[in-house]
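Every chain is numbered from 1 and lettered A, B, ... according to where its sequence line falls, protein lines coming before strand lines.
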2 protein chains.
Amino acid sequence: MRKGRPRSFDRDEALEGAIAVFWEHGYDATSIALLTNALGIGAPSLYAAFGDKRALFLEALDRYMRTYGAFTEHALAEEPDARHAVQRLLREAAAAYTRPARPRGCLLITAATNCSPQSADIAAHLREIRAVGARALSDKFAAATRTGQLPPDTDAHALAAFYAAVLQGMSAQARDGATTADLQQIAEAALRAWPQTAGQEAVGSTDAATK
Amino acid sequence: MRKGRPRSFDRDEALEGAIAVFWEHGYDATSIALLTNALGIGAPSLYAAFGDKRALFLEALDRYMRTYGAFTEHALAEEPDARHAVQRLLREAAAAYTRPARPRGCLLITAATNCSPQSADIAAHLREIRAVGARALSDKFAAATRTGQLPPDTDAHALAAFYAAVLQGMSAQARDGATTADLQQIAEAALRAWPQTAGQEAVGSTDAATK
DNA sequence: CTACTTTTGTAGTGATCGTTCCAGAAGTAC
DNA sequence: GTACTTCTGGAACGATCACTACAAAAGTAG
């Protein structure tokens, strides 16, 4: 066994608690006092176990992405059809963003939307991870366009930006109190915007195609 | 003329500057030092002119809603057709959220997404204003359903939640660096989700209608 | 037991938070 | 000019920020 006085708390459990606090309040608004209070441990214990606030957040973020936020990667990786991937992505997001006894929305999306200038690097880091996700979506659409799952003139980048925006909007709606059913309906509406395959022409009695 | 030493700065100009700072950093992350630095005035002058930080934010928010954010109300009020209203709403949002020399996105949406527990009332206030906007959208859709502009089975609440989510997503995308053109393409994609009027059946080669 | 190692709670670091006191500056009124 | 009113800049308020020094506590090793 390890020498010295043993740690009085479970490190993984504490990290899980830190995820919840950062998820709820974001990076800047989460104070050390808020964390130590929620985790039931003293500040020196927290610093000894995780380093400083930034390191703790980054570790919490990493764990979040491999657990609560992993459904996005899974949907893209496990669904060969692009349409089904997006369908599953949106529907699972509707559930994930409104899970009971958990903070609303997505930590990656909301944790650093307003931050002070000295936390700008944290915001940039989250933005970069979001950009990677959007690029994965765009690549999926580009591949689907090449295999004929999407019309040849599909703008993969634009379509990925749309569904990324819908996810961010769903997260915001969840934070605003939307229910799971509300988010599911948003997801279904977003799926109606899926590009038409050849043979089916522009829908609706609209003049939307102005460009 | 008024007695006493005259104010050395223009109050409206200072309020405009405060809008910019709150717009950029949000409520919590905007410190008084950040404000006095940006406005070029001392803290006592700011407090004498606007009260405390909360009152200044609320006044800045009010002015924002009657200027930069007024396009949303205008689109709904001035466009009799619901489809055209949403079309105008989304397209103007794409421009408004990426205006050069102005902060990205929407102050109403982003200014209090992560906030400390003691600013929870500010967050609740913004949420309430967003809810009023969503309800206005929903009412517009309900009226359009009654006049036949939308299918009789349209869920006005769900459709409003969708477009509200798209607006919030566009704001987030703008903050993530999206260009005006990017947002315009998101807007056009969202418009493709507009419900089909009678006679045109479910679109696409999908099995989306699982419910 | 003693020696050693690591964690703990208390208390305190300097910095910054929102906010205000106060003395002097800058105007009007007479 | 003097009297009066209002605003400004500097300095400071207590509270909180992220973070840590320190010594007692709690374990293992011998």
Side-chain angles (χ1 to χ4, degrees), chain A residues 1-15 17-18 21-22 24-61 111-112 114-123 125, chain B residues 1-15 17-18 21-22 24-61 111-112 114-123 125:
Chain A
M1 195 187 185
R2 201 140 137 267
K3 280 197 288 188
R5 179 173 175 172
R7 185 179 282 135
S8 67
F9 61 95
D10 184 73
R11 194 182 186 278
D12 279 352
E13 210 173 296
L15 186 57
V21 181
F22 281 125
E24 176 71 32
H25 299 284
Y27 176 73
D28 257 352
T30 294
S31 66
I32 300 294
L34 210 57
L35 284 167
T36 57
N37 211 37
L39 308 185
I41 64 177
S45 302
L46 190 147
Y47 277 87
F50 299 104
D52 61 359
K53 182 183 172 182
R54 183 179 313 263
L56 171 57
F57 175 77
L58 292 177
E59 191 174 344
L61 171 66
N114 355 86
C115 63
S116 59
Q118 57 263 37
S119 325
D121 58 332
I122 294 284
H125 185 233
Chain B
M1 194 187 185
R2 199 138 139 268
K3 280 198 287 189
R5 177 173 176 174
R7 184 179 283 134
S8 67
F9 60 94
D10 183 73
R11 193 181 187 279
D12 280 352
E13 208 172 298
L15 186 57
V21 181
F22 281 124
E24 177 72 31
H25 299 286
Y27 177 73
D28 256 354
T30 295
S31 67
I32 301 295
L34 211 56
L35 284 166
T36 56
N37 213 35
L39 309 185
I41 63 177
S45 302
L46 188 147
Y47 276 84
F50 299 105
D52 62 359
K53 182 183 173 182
R54 184 178 315 262
L56 172 57
F57 176 76
L58 292 177
E59 191 173 344
L61 172 65
N114 358 85
C115 62
S116 60
Q118 58 262 38
S119 323
D121 58 330
I122 293 284
H125 185 232

Lys/Arg cation over aromatic A:Phe9: A:Arg7, 6.0 Å, 45° cone | yes
Tell me whether the guanidinium CZ or amine NZ of B:Lys53 lies under 6.0 angstrom from the six-membered ring centre of B:Tyr27 and within 45° of its axis.
-> yes
Whole angstrom value for the distance that separates [atom2] of [N] from [atom1] of [X]:
X       : N      : atom1 : atom2 : value
B:Leu35 : C:dT19 : CG    : C1'   : 13 Å
B:Lys53 : C:dT20 : NZ    : P     : 14 Å
A:Asn37 : D:dC17 : CG    : C1'   : 15 Å
A:His25 : D:dC17 : NE2   : C1'   : 16 Å
B:Phe50 : C:dT19 : CZ    : C1'   : 16 Å
B:Leu56 : C:dT19 : CG    : C1'   : 14 Å
B:Ile32 : C:dT20 : CD1   : P     : 10 Å

What are the two closest non-hydrogen atoms of [X] and [Y], and how far apart are they?
X        : Y        : answer
A:Val21  : A:Ala38  : CG2-CB, 3.7 Å
A:Cys115 : A:Ala123 : SG-CB, 3.6 Å
A:Thr36  : A:Ile41  : CB-O, 3.1 Å

Would you mind checking if B:Glu59 and B:Arg54 are paired as a salt bridge, meaning a charged N to carboxylate O distance below 4.0 Å?
-> no
Please determine if a side-chain N or O atom of A:Tyr47 lies less than 4.0 Å away from the OP1 or OP2 oxygen of D:dT20.
-> no
A:Lys3 side chain N/O closer than 4.0 Å to the phosphate oxygens (OP1, OP2) of D:dA29?
-> no
Where do N or O atoms of nucleotides 7-10 of chain C meet protein N or O atoms at under 3.5 Å, pair by pair?
| from | atom 1 | to | atom 2 | distance (Å) |
| --- | --- | --- | --- | --- |
| C:dT7 | O4' | A:Arg5 | O | 3.3 |
| C:dT7 | O2 | A:Arg5 | NH1 | 3.3 |
| C:dT8 | OP1 | A:Ser8 | N | 2.7 |
| C:dT8 | OP1 | A:Ser8 | OG | 2.7 |
| C:dT8 | OP2 | A:Ser45 | OG | 2.8 |
| C:dT8 | O5' | A:Ser45 | OG | 3.2 |
| C:dT8 | O4' | A:Arg5 | NH1 | 3.4 |
| C:dT8 | O4' | A:Arg5 | NH2 | 3.4 |

Mind checking B:Thr36 for me? I need base, sugar-phosphate or nothing, with any heavy atom below 4.0 Å counting as a touch.
-> nothing
When all nucleic acid strands are considered with a 4.0 Å heavy-atom cut-off, which category describes B:Ser116: base, sugar-phosphate, or nothing?
-> nothing
Quick check: does any side chain N or O of A:Ser119 sit under 3.5 Å from a backbone N or O of A:Ile122, one acting as donor and the other as acceptor?
-> no
